[in-house]
Colleague: 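Please read through the structure below; I'll follow up with questions.
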Amino acid sequence: MAIAPTSIPKLPRGVKLRFDTVRDTWMLLAPERAFQIDATAAEILKLCDGTRDFAAVVAGIAAAYAEDPAVIAGDVEAMLTDLAQKRVLDL
């Protein structure tokens, strides 16, 4: 599944991004499921707030990590596609 640059990724109703202070890690919480994610994935998901399109998410992460957007676009797309297939992200 290819994500169009104009797709607007967002967490669906009932899915939350939270920092677990007990475990000192980021968690993506969905009904009856929980995913432990790393800090980079959390930064990507923070940008998936329903106001930015995919191209803006990639540009934001590229700026935060001082990387060329073309280099990271594939990795961001793969992560978001995986989460969409698990039904914890709407595209």
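What you see below is based on every heavy atom in this structure, not just the backbone, and it leaves out hydrogens, waters and symmetry mates. The shown structure was predicted, so the numbers you read here are calculated from the model rather than taken from an experiment.
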Colleague: Please enumerate all residues that pass side-chain hydrogen bond (donor to acceptor under 3.5 Å, both in side chains) together with E67, with sequence neighbours excluded.
Modeller: none

Colleague: Grouping I, L, V, M, F, W and Y whenever their side-chain heavy atoms are under 4.5 Å apart, do L29 and F19 come out in a common cluster?
Modeller: no

Colleague: Quick check for you: to the nearest 0.5 Å, what is the distance between F35 atom CZ and L45 atom CG?
Modeller: 11.0 Å

Colleague: Can L89 be reached from L17 by stepping across I, L, V, M, F, W or Y side chains whose heavy atoms are under 4.5 Å apart?
Modeller: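 Looking at the clustering, L89 is in the same group as L17.
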
Colleague: Grab the two heavy atoms, one from M79 and one from I44, that are nearest each other, plus how far apart they are.
Modeller: CE-CG2, 3.6 Å

Colleague: Might you work through the side-chain contact (heavy atoms from CB on, under 4.5 Å) test for Y65 and T40, ending with a clear yes or no?
Modeller: CA-CA 9 Å; Y65 290 93; T40 303; 3.6 Å; yes

Colleague: Which atom pair, heavy atoms only, marks the closest approach of D20 to M27?
Modeller: CB-CG, 3.9 Å

Colleague: How far apart are the closest heavy atoms of E77 and F54, and which atoms are they?
Modeller: CB-CZ, 3.8 Å

Colleague: What distance do T25 atom OG1 and I37 atom CD1 have between them, rounded to the nearest 0.5 Å?
Modeller: 7.5 Å

Colleague: CG of L47 to CG of D49: how many Å apart, nearest 0.5 Å?
Modeller: 7.0 Å

Colleague: Is E43 close to I61 at the side-chain level, that is, under 4.5 Å between some pair of heavy atoms?
Modeller: yes

Colleague: Ignoring hydrogens, what is the shortest heavy-atom contact between V15 and V88? Give both atom names and the distance.
Modeller: CG1-O, 3.7 Å

Colleague: At their closest point, which heavy atom of D53 faces which heavy atom of P9, and how far apart are they?
Modeller: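 Where D53 meets P9 most closely, the heavy atoms are C-CD, 4.2 Å.
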
Colleague: Looking only at heavy atoms, which two atoms of P31 and G14 are closest? And how far apart?
Modeller: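 Taking every non-hydrogen atom into account, CD-O, 3.6 Å.
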
Colleague: Walk me through it: do V76 and I3 pass the test side-chain contact (heavy atoms from CB on, under 4.5 Å)?
Modeller: CA-CA 10 Å; V76 173; I3 300 176; over 6 Å; no

Colleague: Quick one: do L91 and L83 end up in the same hydrophobic cluster if we chain Ile, Leu, Val, Met, Phe, Trp and Tyr together by side-chain heavy atoms under 4.5 Å apart?
Modeller: yes

Colleague: Is it true that, when you exclude R33 itself, more than 12 heavy atoms of the residues, nucleotides or ligands shown sit nearer than 6.0 Å to its CZ?
Modeller: yes

